[in-house]
Student: 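Mind having a look at this structure? Questions to follow.
Whatever order the structure lists ligands and atoms in, that order sets their numbers, starting from 1. Only heavy atoms go into these numbers, but all of them, side chains included; no hydrogens, no water, no symmetry mates.
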Amino acid sequence: MAILENLEIVREQINKAAKKAGRCPDEIKLIAVSKTKPMDMICEVASCGVIDFGENRPQELAEKFDKIQNVRWHLIGQLQKNKVKYIIDKAELIHSVDSSGLAEEIEKRAAKINKIQNILIQVNVSGEETKSGVAPEDAEGLIREISEMPHIRIKGLMTISVAGFSHDENKKIFAGLKELAEKIDRLQITNVSMEELSMGMTHDFEAAIEAGATMVRVGTGIFGTRN
Ligand SMILES: *Cc1c(COP(=O)(O)O)cnc(C)c1O
């Protein structure tokens, strides 16, 4: 199917899910996950008003960054410390910070170029062993530690649900992230806001929207399957 039809369908689904949850669709930012996809597809999607794109590999983000203007890049995948240098001057938001060591590297690199880097803390709500993300019970400690770093601002939380989960099971995971964000918000930590909840992918973004997502990361639903 044509990519622009896919995009229309996804937008319609976002609107529907928002309405079902009694939310305004404008509260939900669509991040088009363009990993492995070529620039012509990205430009096509951008021409339809999408301005936020997500990549999970730092070098791929860096390569694509130079080839299109007026879009924002989100690093959504696992980030190794030695790759921070590729994206520090390019990423609008890093969704996948889950350790103080990684945050320290971001702090160091951001300081060097005089940037304040916005990040999300990735939380492993489902508890799956293979998954990155800080354990929910360790999130507050990590956030307090990172909040002391002057070139980083924590803007919210991110999670990934479990492949194969039903709508209700996904919703429970996402509600867990929302609950954690509310708890952290009440602590009123300096330099920390909980305005963004990045959750939901192609197969589960409706459940995420019902649970309060402000950013959904949709790849396959827009660009088609990846090899
Ligand atoms: C690839 C990826 C997505 C998008 O997945 P789709 O199922 O293709 O929508 C979202 N979030 C992260 C972290 C990803 O790596």
Student: From atom 5 (O) of ligand 1, work out which of Q122, H74, M201 has a heavy atom at the shortest distance.
Tutor: M201

Student: List ligand 1 atoms under 4.0 Å from V218, heavy atoms only on the residue side.
Tutor: 9 (O)

Student: Less than 4.0 angstrom from a charged side-chain N to a carboxylate O is my criterion; do E182 and R186 meet it?
Tutor: no

Student: Are K37 and F223 in a cation-pi setup, meaning NZ or CZ lies under 6.0 angstrom from the ring centre and within 45 degrees of the ring axis?
Tutor: no

Student: For atom 8 (O) of ligand 1, what is the nearest protein heavy atom, given as residue, atom name and distance?
Tutor: T220 OG1, 2.5 Å

Student: Note the single closest protein heavy atom to atom 13 (C) of ligand 1, along with its residue, its atom name and the distance in Å.
Tutor: I76 O, 3.5 Å

Student: Can you tell me the protein heavy atom closest to atom 11 (N) of ligand 1 and the distance?
Tutor: R217 NE, 2.8 Å

Student: Any sub-3.5 Å donor-acceptor pair from K171's side-chain atoms to D204's backbone N or O?
Tutor: no

Student: Checking R23 side chain against I209 main chain: does a donor-acceptor pair fall under 3.5 Å?
Tutor: yes

Student: Less than 3.5 Å apart, any donor N or O on the side chain of S96 or Q78 sitting next to an acceptor on the other?
Tutor: no

Student: Considering non-hydrogen atoms of the protein only, which is the closest contact for atom 2 (C) of ligand 1, and what is the distance?
Tutor: K35 NZ, 2.5 Å

Student: What protein heavy atom sits nearest atom 6 (P) of ligand 1, and how far off is it?
Tutor: T202 OG1, 3.4 Å

